[in-house]
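One-based numbering along the sequence shown. These numbers come from the heavy atoms of this one structure, side chains and all, not from hydrogens, waters or symmetry mates.
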Amino acid sequence: MTAGKASEAPKHFKLVPKIVNGGIAGIIGVTCVFPLDLVKTRLQNQKIGPNGERMYNSMFDCFKKTYRAEGYFGMYRGSAVNIVLITPEKAIKLAANDFFRYRYANKQGKLTLLREMAAGGSAGFCQIIVTTPMELLKIQLQDSGRVAAMAKAAGKGEAAPRVSARQITLDLLRTRGITGLYRGTAATMLRDVSFSCVYFPLFAHLNALGPRKGDGSGEAVFWCSFLSGCAAGSLSALAVNPFDVVKTRLQVINKGQGDAVYSGIADAFVKIMKQEGVRAFFKGGACRMIVIAPLFGIAQMVYYFGVAEALLGYER
């Protein structure tokens, strides 16, 4: 792929079905992969002790310990708020990318790689109005079990605290106002814009390589969109994992014993590098790739199924 190589933009743009398809895609995708996302959050937040001791030794170890301590529903801690907010988040992300691809195309309906990246980045920027509070609430709920386990190990607690998205939201609104829900916005934007700049062009080019449907629509067969979403999602996730680690650390409100406190993105980068080394920026990287691959594979496949068109009576 070179900057001079152009790809096709959508020939027609219908906003309503794309928003509905994006919402459906998000709900199905996040429901399937949420336990892995919880494990990713806890792996990214754990602090390695001076002698190399750690709470979780691997992704599987974290999954096993979380399930043993908190049960099946503990693996879905924070999923309700994520499922509620993932609907507009994925709707905005997927529909906005198509919208900007349509807008940024030249008169021949072609897009250069740079314009594809600009369209993806613009879509990533649009989604942060929903993504930031969603991620903030989700991370507090996902990480509460880790903090409680640290307190218990230190003899300061016995059970994971009963926290809810409503309780956290009200506390933040009361103490910090509406801006409290947007803690870590800059870090979220850094991650999501860079992710979308990589993901959407990569997905478009991979998806264009596969076989087309036999109905004359020119669209890729469903499994091609699924595999393209998996491949593009996992590679993009790994590329921006350092930004995700910093965002996760900045958005944690209730710190565990010994957890570092950061004043901003630059401070987080410097402290993590100094205290934990470059490998810390790729904590949870494999887990995040495993989360993002099926999430975006499923989302893209569902997005192109045309469920909304069938429900709303639109022609595809």
Side-chain angles (χ1 to χ4, degrees), residues 34-49 54-56 59 62 65-66 69-70 74-82 85 128 131-154 156-157 160-177 179-192 240-276 280-285 287-288 291:
F34 193 84
L36 286 170
D37 188 57
L38 180 141
V39 169
K40 183 270 300 182
T41 296
R42 295 191 177 182
L43 286 173
Q44 287 183 337
N45 279 331
Q46 75 166 339
K47 183 76 178 289
I48 299 175
R54 59 184 71 193
M55 183 179 294
Y56 309 115
M59 181 173 65
C62 180
K65 287 178 178 176
T66 301
E70 302 171 51
M75 301 303 301
Y76 278 87
R77 188 185 293 268
S79 62
V81 65
N82 204 217
L85 293 179
I128 62 173
T131 305
T132 305
M134 177 186 75
E135 289 275 305
L136 180 71
L137 295 173
K138 181 193 74 172
I139 286 169
Q140 311 319 309
L141 294 167
Q142 286 182 331
D143 203 45
S144 60
R146 180 189 70 91
V147 174
M150 290 178 69
K152 183 178 180 180
K156 298 180 179 180
R162 296 285 183 177
V163 293
S164 67
R166 179 176 178 273
Q167 175 189 335
I168 295 169
T169 302
L170 291 176
D171 287 345
L172 285 171
L173 289 174
R174 184 172 59 253
T175 58
R176 307 183 189 188
T179 56
L181 291 173
Y182 284 87
R183 173 175 176 156
T185 297
T188 302
M189 182 170 62
L190 181 64
R191 183 201 65 174
D192 288 345
V240 304
N241 200 74
F243 301 147
D244 189 57
V245 170
V246 169
K247 180 202 72 68
T248 301
R249 298 281 186 96
L250 288 172
Q251 287 190 317
V252 172
I253 296 172
N254 298 315
K255 300 284 187 178
Q257 186 179 13
D259 285 351
V261 177
Y262 311 105
S263 61
I265 295 174
D267 182 55
F269 269 109
V270 171
K271 285 183 178 176
I272 292 171
M273 176 65 78
K274 186 181 297 183
Q275 297 171 4
E276 303 173 57
F281 290 111
F282 290 93
K283 277 184 177 180
C287 193
R288 188 162 188 262
V291 170

With distance as the sole test, does [X] use its side chain to make a donor-acceptor pair with the main-chain N or O of [Y] at under 3.5 Å?
X	Y	result
Arg191	Val240	no
Gln140	Gln251	yes
Lys65	Met55	yes

For Arg166, which of Thr169, Leu170, Ile168 qualifies under side chain to side chain contact (heavy atoms under 4.5 Å, CB included)?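 Among Thr169, Leu170, Ile168, the one meeting side chain to side chain contact (heavy atoms under 4.5 Å, CB included) with Arg166 is Leu170.
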Between [X] and [Y], which heavy-atom pair has the shortest distance, and what is it?
X	Y	answer
Tyr56	Cys62	CD2-CA, 3.5 Å
Cys287	Leu43	CB-CD1, 4.4 Å
Gly184	Thr132	C-CG2, 4.3 Å

With [X] via side chain to side chain donor-acceptor pair (under 3.5 Å) - residues at least two apart:
X	answer
Thr66	Arg42
Ser263	Asp267
Lys283	Glu276

Is any side-chain heavy atom of [X] closer than 4.5 Å to a side-chain heavy atom of [Y]?
X	Y	value
Lys247	Asp192	no
Met75	Val39	yes
Val246	Tyr262	no

Distance, nearest 0.5 Å, that separates [atom1] of [X] from [atom2] of [Y]:
X	Y	atom1	atom2	value
Met134	Ile139	CE	CD1	9.5 Å
Leu250	Thr188	CG	OG1	8.5 Å
Arg176	Asp171	CZ	CG	10.0 Å
Phe243	Leu190	CZ	CG	4.5 Å
Leu172	Gln167	CG	CD	10.5 Å
Thr179	Leu173	OG1	CG	9.0 Å

Excluding sequence neighbours, so at least two apart, what forms ring pair (Phe, Tyr, Trp, His ring centres under 6.0 Å) with Phe281?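 Here the qualifying residues are Phe269.
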Applying salt bridge (Lys or Arg N to Asp or Glu O under 4.0 Å) to Arg288 and not counting sequence neighbours gives Asp244
With sequence neighbours excluded, residues passing side chain to side chain contact (heavy atoms under 4.5 Å, CB included) with Gln275: Lys47, Ala260, Lys271
Asn241 vs Val245, test: side chain to side chain contact (heavy atoms under 4.5 Å, CB included). Steps then yes/no. CA-CA 6 Å; Asn241 200 74; Val245 170; 3.7 Å; yes
